**Student:** 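Pasting in a structure now, in structure tokens, and then I'll have a few things to ask.
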Amino acid sequence: MSYIIHQKIKGKLYAYEVTGIWDPNKKNSKQKRKYLGRVDPETGEIIKKRESPRPMFAYDYGDVRIAE
């Protein structure tokens, strides 16, 4: 079961999705959180986190000209 919580950090409100997980080794439950984004204080809507517009790795290093 998962649910969404709002947490206030340094005056700003953030939204997290919380999932309960059972740890069989320690025989207790834990929470796993996933960051969803900031919460707009006026409307209460979640402003999703920005995805990186540029790639993390580049495998093409440009054109190569071979001199004769």
Side-chain angles (χ1 to χ4, degrees):
M1 182 175 97
S2 65
Y3 53 94
I4 295 176
I5 65 164
H6 294 162
Q7 183 175 7
K8 196 173 208 177
I9 301 174
K10 294 186 180 179
K12 296 180 183 175
L13 201 57
Y14 297 96
Y16 294 91
E17 180 183 12
V18 180
T19 307
I21 297 175
W22 178 256
D23 186 3
N25 296 332
K26 294 184 179 180
K27 296 183 181 177
N28 64 355
S29 60
K30 294 183 177 183
Q31 287 185 349
K32 189 169 189 175
R33 291 185 177 195
K34 179 182 174 186
Y35 175 70
L36 297 176
R38 253 178 88 186
V39 178
D40 186 13
E42 296 175 0
T43 62
E45 294 182 10
I46 298 172
I47 303 168
K48 295 187 178 185
K49 62 181 180 179
R50 287 186 274 168
E51 298 295 327
S52 177
R54 56 185 173 199
M56 297 301 288
F57 298 102
Y59 296 106
D60 183 17
Y61 297 105
D63 296 332
V64 178
R65 180 177 154 210
I66 301 174
E68 294 178 23

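Everything numeric here is computed off the predicted structure, so don't read it as measured data. FYI, the numbering just counts along the sequence from 1.
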**Student:** Going only through I, L, V, M, F, W and Y residues with side-chain contacts under 4.5 Å, is there a path from Y3 to Y35?
**Tutor:** yes
**Student:** For Q7, look at atom CD and say whether over 12 heavy atoms of other residues, nucleotides or ligands are found less than 6.0 Å away.
**Tutor:** yes
**Student:** Find out whether K27 and W22 are in side-chain contact, i.e. whether some heavy atom of one side chain is under 4.5 Å from a heavy atom of the other.
**Tutor:**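 Yes, their side chains come closer than 4.5 Å.
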**Student:** Mind listing the closest non-hydrogen atom pair of I5 and R33 along with its distance?
**Tutor:**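 What the structure gives for the nearest pair is CD1-NH2, 3.3 Å.
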**Student:** Give, for atom NZ of K8 and atom NE2 of H6, the distance between the pair rounded to the nearest 0.5 Å.
**Tutor:**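 K8 NZ to H6 NE2: 13.0 Å, rounded to 0.5 Å.
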**Student:** Given side chains that start at C-beta, do those of T19 and K34 come closer than 4.5 Å, heavy atoms only?
**Tutor:**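 Side chain of T19 against side chain of K34, heavy atoms only: no contact under 4.5 Å found.
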**Student:** Look at the side-chain heavy atoms of Ile, Leu, Val, Met, Phe, Trp and Tyr, link any pair under 4.5 Å apart, and say whether V18 and I9 land in one connected group.
**Tutor:**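 In one cluster: yes.
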**Student:** Identify the two heavy atoms, one from I46 and one from A15, that lie closest to each other, and give their separation to 0.1 Å.
**Tutor:** CD1-CB, 3.7 Å
